[in-house]
Peer 1: 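Take a look at this one; I'll ask things after.
A note on names: the letters A, B, ... follow the listed sequences, proteins ahead of strands, and every chain is numbered from 1. These numbers come from the heavy atoms of this one structure, side chains and all, not from hydrogens, waters or symmetry mates.
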2 protein chains.
Amino acid sequence: MIYAGRMPVTVLLVDDEPLVRAGLRAVLEAQPDIQVVGEAADGAAVIPLVRRLRPDVVAMDVRMPLMDGIEATRAVLRTVDAPPKIIVVTTFEDDEFVYEALRAGADGFLLKRSRPAEIVHAVRLVADGESLLFPASVRRLAARFGERRTAGAALTGAGLTEREAEVLRLMARGLSNAEIAARLVVGTETVKSHVSAVLAKLGARDRTQAVIAAYESGFVAPG
Amino acid sequence: MIYAGRMPVTVLLVDDEPLVRAGLRAVLEAQPDIQVVGEAADGAAVIPLVRRLRPDVVAMDVRMPLMDGIEATRAVLRTVDAPPKIIVVTTFEDDEFVYEALRAGADGFLLKRSRPAEIVHAVRLVADGESLLFPASVRRLAARFGERRTAGAALTGAGLTEREAEVLRLMARGLSNAEIAARLVVGTETVKSHVSAVLAKLGARDRTQAVIAAYESGFVAPG
DNA sequence: AAGCGTCTCCCCCGTGCGGGGGAGATCCGC
DNA sequence: GCGGATCTCCCCCGCACGGGGGAGACGCTT
């Protein structure tokens, strides 16, 4: 496989530990044909970032606070059209995670213990459309889940609607549904609809997680 | 504390995962007064390296294949004269590890999840002869929430207790009361008590407002 | 005209959340 | 010894929240 003359492969790093992100960045950016275009600390922050940065590859941690890598993988593939390739990164050779990751639609599976050369190789491989499955025995499973990706494509073109974003901003200021309703001069049932939509799109379980995602993704900023 | 005009602090990295070493190196070498002088992949390799490189600080992983960080710490302190300061680096806030590490003679204790600034700070601190015992995140919260927040409805004026701060941190990661209870190995009723105390002291109406306060005050930070 | 997406509002329903009490155990300082 | 603080757990209770449905009105593109 030859990489000369290619456009650089763009990568988004998703891991809750800054240290791991720094490590991946150091390893990947040492390659002239690979470019890290962004980082996220949680799966919940991934979708808007993918939409904005349109990376070729997402390196996704499994264990993360709000939304784990499996969930985030599902969310990205479900809500983003022309989605990036996704490499799920984990610490242990957990077969369950491999299986789950494949079911979720991941293209690659990588251990954190891997040597830099393997990591670089994995990124290049999935960027080229190949799938990379660590244990050979699991490779067979890939075939069974190979047809996804066409079906799920895009409910709406964009993430949050303007109204939903407005509601999320008010949620992130601590307002209750009733207060948001009063502020926006609509019924509380309407607000509930918007809140539900926000929770669904962000993969949040409740308004608290949604607000956390808003902070973590930079949608709102402290200060 | 002023670092200008100092000799650079030399650091030896000991971790079995190249990724983590690369991350630490990237984070530390970004500082002009810190220099990474060597790396080791296992505790067993540390002693000769320490003898040869004479680093000021050793950043030591706990979990390693041949000799773990606790053992390696003991070995270094026992066999090397004028030994370096040792920061034990681990993944989880495992009290047992903290205790063991301190018993072994470690000068500092650091979580891999820490933000770069905290890691850098820890290295400088132990290099200066200070000891850095409990996770910086915990320490920070106590200090931060100790005296502020005097105004408002809160009548106690005493700030958050350690336990309450711990609960708030978990709230700020999106955990429900039941999940926090499971994490802290206590009953949900206990968690409810702590949550209520946190809400009262922060002047928050619900957990969402408490989490917002946590972000806005710097108690937790995005990224 | 048809279709889609958005915004609006409505129903039912379960439950997690938070308030308001109380109480025992431990530790620490006076 | 005694009081205070902290951590733990328990009761009852109201309600906001969130999930599951559905539906009408508007504006847009096709």
Peer 1: Could I get the full list of salt bridge (Lys or Arg N to Asp or Glu O under 4.0 Å) partners for B:Arg163, not counting sequence neighbours?
Peer 2: B:Glu166
Peer 1: Got a second to check how far A:Ile180's CD1 is from A:Met171's CE, nearest 0.5 Å?
Peer 2: 6.5 Å
Peer 1: Closer than 4.0 Å, any side-chain N/O of B:His194 to the OP1 or OP2 of D:dT6?
Peer 2: no
Peer 1: According to a strict under-4.0 Å criterion, is B:Thr161 in side-chain N/O contact with OP1 or OP2 of D:dA5?
Peer 2: no
Peer 1: Between B:Ser196 and C:dG18, is there a side-chain N or O to OP1/OP2 distance below 4.0 Å?
Peer 2: no
Peer 1: Find the distance A:Glu162:CD to C:dG5:C1' and express it as a whole number of Å.
Peer 2: 13 Å
Peer 1: Could you state the atom-to-atom distance from CZ of B:Arg207 to P of C:dG19 in whole Å?
Peer 2: 11 Å
Peer 1: Using only atom types and a distance under 3.5 Å, with no angle test, would you say the side chain of B:Asp206 pairs donor to acceptor with the backbone of B:Gln209?
Peer 2: yes
Peer 1: Suppose we screen for salt bridge (Lys or Arg N to Asp or Glu O under 4.0 Å). Which residues come up paired with A:Arg183, at least two apart in sequence or across chains?
Peer 2: none
Peer 1: Once you round it to whole Å, what is the distance between P of C:dC17 and CG of A:Asp206?
Peer 2: 7 Å
Peer 1: Which ones in residues 167-184 of chain A lie close to DNA chain D, meaning a heavy atom under 4.0 Å from one of its atoms?
Peer 2: A:Ser176, A:Asn177
Peer 1: Is a donor on one side and an acceptor on the other found under 3.5 Å between the side chain of A:Arg207 and the backbone of A:Leu175?
Peer 2: yes
Peer 1: Is there a side-chain contact between A:Glu39 and A:Leu24 (heavy atoms, below 4.5 Å)?
Peer 2: no
Peer 1: In chain order, what residues pass the salt bridge (Lys or Arg N to Asp or Glu O under 4.0 Å) check against B:Glu189, with sequence neighbours excluded?
Peer 2: none
Peer 1: Examine distances only and state if a side-chain atom of A:Asp56 and a backbone atom of A:Thr10 form a donor-acceptor pair shorter than 3.5 Å.
Peer 2: yes
Peer 1: Going by heavy atoms in the side chains, are A:Val9 and A:Val57 under 4.5 Å from each other?
Peer 2: yes
Peer 1: Looking at A:Arg163, I'd like to know whether one of its side-chain N or O atoms comes within less than 4.0 Å of OP1 or OP2 on C:dT8.
Peer 2: yes
Peer 1: Please give the angle, rounded to 10 degrees, between the axes at the start and the end of the helix from C:dA1-D:dT30 to C:dC30-D:dG1, where five pairs define each axis.
Peer 2: 40°
Peer 1: Could you pull out the protein-nucleic contacts involving nucleotides 9-11 of chain C (nitrogen or oxygen on both sides, under 3.5 Å)?
Peer 2:
from: C:dC9; atom 1: OP2; to: A:Gly187; atom 2: N; distance (Å): 2.5
from: C:dC9; atom 1: OP2; to: A:Thr190; atom 2: OG1; distance (Å): 2.5
from: C:dC9; atom 1: O5'; to: A:Thr190; atom 2: OG1; distance (Å): 3.2
from: C:dC9; atom 1: N4; to: A:Ser193; atom 2: OG; distance (Å): 2.9

Peer 1: Rounded off to whole Å, could you give me the CD-to-P distance for the A:Glu164 and C:dC7 pair?
Peer 2: 6 Å
Peer 1: At their closest point, which heavy atom of A:Val191 faces which heavy atom of A:Val186, and how far apart are they?
Peer 2: CG2-CG2, 3.9 Å
Peer 1: Roughly how far, to the nearest 0.5 Å, is the CG atom of A:Asp61 from the CD1 atom of A:Ile87?
Peer 2: 13.0 Å
